[in-house]
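Right, one structure below, let's go through it.
Keep in mind that what you see is a predicted model, and the values were worked out from it rather than measured.
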Amino acid sequence: MRAQMRSRSQAAPAQSSRSVRRVLALAVALSGALLTRSAPAAAQTCGAAGLIAGYVQDACVKSADIFRFLAPQVGVALSGGNAMLGEGGALGGWGKRSAVLRVTAVEGFVPENDVSFGSSTQPISSNFGATRVPLPVPSLDVGIGLYRGVPVGLTNVGGVDLLLGITVIPSVSRDQVSVESDGGGVAASVGVRLGLLQESALVPGVAVSVSRRRLPTSSTAYFTANDTIAVNDTKVSTTAVRLTANKRFGLFALGGGIGRDNISASTSAVATLNERVSGQPVRAVVVTGLLEERTSRNTAFLNLSLGLPFAQLVLEVGQSQAGDIRETINTFGDRRANEGYRYGSLGFGFRF
């Protein structure tokens with residue numbers, strides 16, 4: 001028999017299912033929720049032998065392929081562009097503070113097609129397709145001036161700032177999906193910024209920064225028909241290196257930068273399935289085991305700020321270049337795993 005992966009229209013009305021997919025993508029749960037359907041059998045793990053070995057192996061390969069397709073996208077949304085939207089150089093020493101509330105979204109793509117698992121001992125290539133879905137990540141970033149730097153002409157060189165922040169993913173229960181985040185749905189980030197030039201009337205602010213960001217660890221339950229899929233301990237983290245510059249012109253400011261992202265992601269999934277084989281009900285449990293993905297990508301971005309120096313609205317647009325393309329057995333329309341992605345951020349920054 002063939003075990004079918006249900007589409008959005010099979011599980012719920014179209015609009016409701018689109019909302020479900022967005023919730024899953026936010027928590028990287030989509031990588032597990034779409035992949036772990038398997039043919040009926042007793043409890044099995046990837047690589048199991050027996051009559052259903054083909055179904056199990058195909059499910060595990062599809063799991064890994066979709067995870068490789070989705071994980072870099074979420075990592076790009078987590079990193080964003082500028083470590084502190086609308087800023088270039090260091091703050092200017094102890095007592096200087098800044099904070100930015102922002103939402104960063106990547107122009108992402110998620111699988112959309114129904115596929116079937118095959119019983120062959122060799123994995124079967126399926127086309128999952130890809131539909132465009134924005135993947136947003138909200139955060140609060142804070143900069144704390146530690147050292148002013150050394151005066152050189154019209155600027156200071158060598159200023160140091162501490163960068164702190166939090167990323168939030170709320171717990172959600174909607175339709176067939178329940179997303180639970182550990183630690184209250186909040187994860188901390190930390191970094192440091194070295195000012196190469198402090199911004200002044202004639203000199204732009206220029207700095208180098210290194211930041212470590214994480215999504216809150218989450219677990220997800222996905223219910224459809226009489227099956228349950230648990231996606232456990234989903235983790236995504238990034239290490240972002242940035243070179244930024246920014247200059248204010250009255251109420252406007254222009255900035256930009258380049259950088260490098262190192263993205264790490266991991267998750268595991270367990271599917272409990274209730275099917276019928278030869279007319280008899282069979283309960284199946286399939287374990288994918290640990291899925292991991294690591295990739296490095298270059299990025300470039302522009303910032304446009306509107307407002308006074310102590311309070312401003314900031315818009316960011318950026319492009320994350322493709323990393324090492326992952327060759328997958330399954331396909332995703334004309335998209336491939338680890339391609340380049342556009343992203344944007346909207347934030348409100350203030351100094352105090």
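The side-chain hydrogen bond (donor to acceptor under 3.5 Å, both in side chains) test with N338 singles out one residue from Q73, R297, R68, and that residue is R297. Here the rule is side-chain hydrogen bond (donor to acceptor under 3.5 Å, both in side chains) with S79, and of T104, T299, T238 only T238 fits it.
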### Query
Yes or no on salt bridge (Lys or Arg N to Asp or Glu O under 4.0 Å) for R97 and D161, after CA distance, side-chain angles and deciding distance?
CA-CA 9 Å; R97 307 285 187 271; D161 297 337; over 6 Å; no
### Message
Run the salt bridge (Lys or Arg N to Asp or Glu O under 4.0 Å) test on R213 and D141 for me, step by step, so that the C-alpha distance in whole Å, both residues' side-chain angles and the decisive distance to 0.1 Å come before the verdict.
### Response
CA-CA 11 Å; R213 296 179 180 270; D141 303 314; 3.1 Å; yes
### Task
Decide side chain to side chain donor-acceptor pair (under 3.5 Å) for S264 and E293; before the verdict, give the C-alpha distance in whole Å, the side-chain angles of both, and the deciding distance to 0.1 Å.
CA-CA 6 Å; S264 299; E293 176 70 359; over 6 Å; no
### Query
Between N303 and E316, does a side chain to side chain donor-acceptor pair (under 3.5 Å) hold up when you go through it step by step?
CA-CA 5 Å; N303 286 181; E316 177 179 78; 3.0 Å; yes
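Annotation for L304: atom CG counts as buried by contact number, over 12 foreign heavy atoms lying within 6.0 Å. The number of heavy atoms from other shown groups lying within 6.0 Å of NZ (K96) does not exceed 12.
Taking the charged nitrogens against the carboxylate oxygens, R248 and E199 have no contact shorter than 4.0 Å, which rules out a salt bridge.
The hydrophobic cluster containing L197 also contains V152, counting ILVMFWY residues as joined when their side-chain heavy atoms lie under 4.5 angstrom apart, directly or transitively.
Proximity of D261 to R242: side-chain heavy atoms (C-beta onward) are separated by under 4.5 Å at one or more points. The closest side-chain heavy-atom distance from N82 to F301 is below 4.5 Å.
Proximity of a side-chain donor or acceptor of N330 to a complementary backbone N or O of N127 within less than 3.5 Å is not detected. The main-chain N or O of G88 is found under 3.5 Å from a side-chain atom of T244 such that the two form a donor-acceptor pair.
Between Y341 and F109, the two ring planes are tilted [angle within 30° to 60°].
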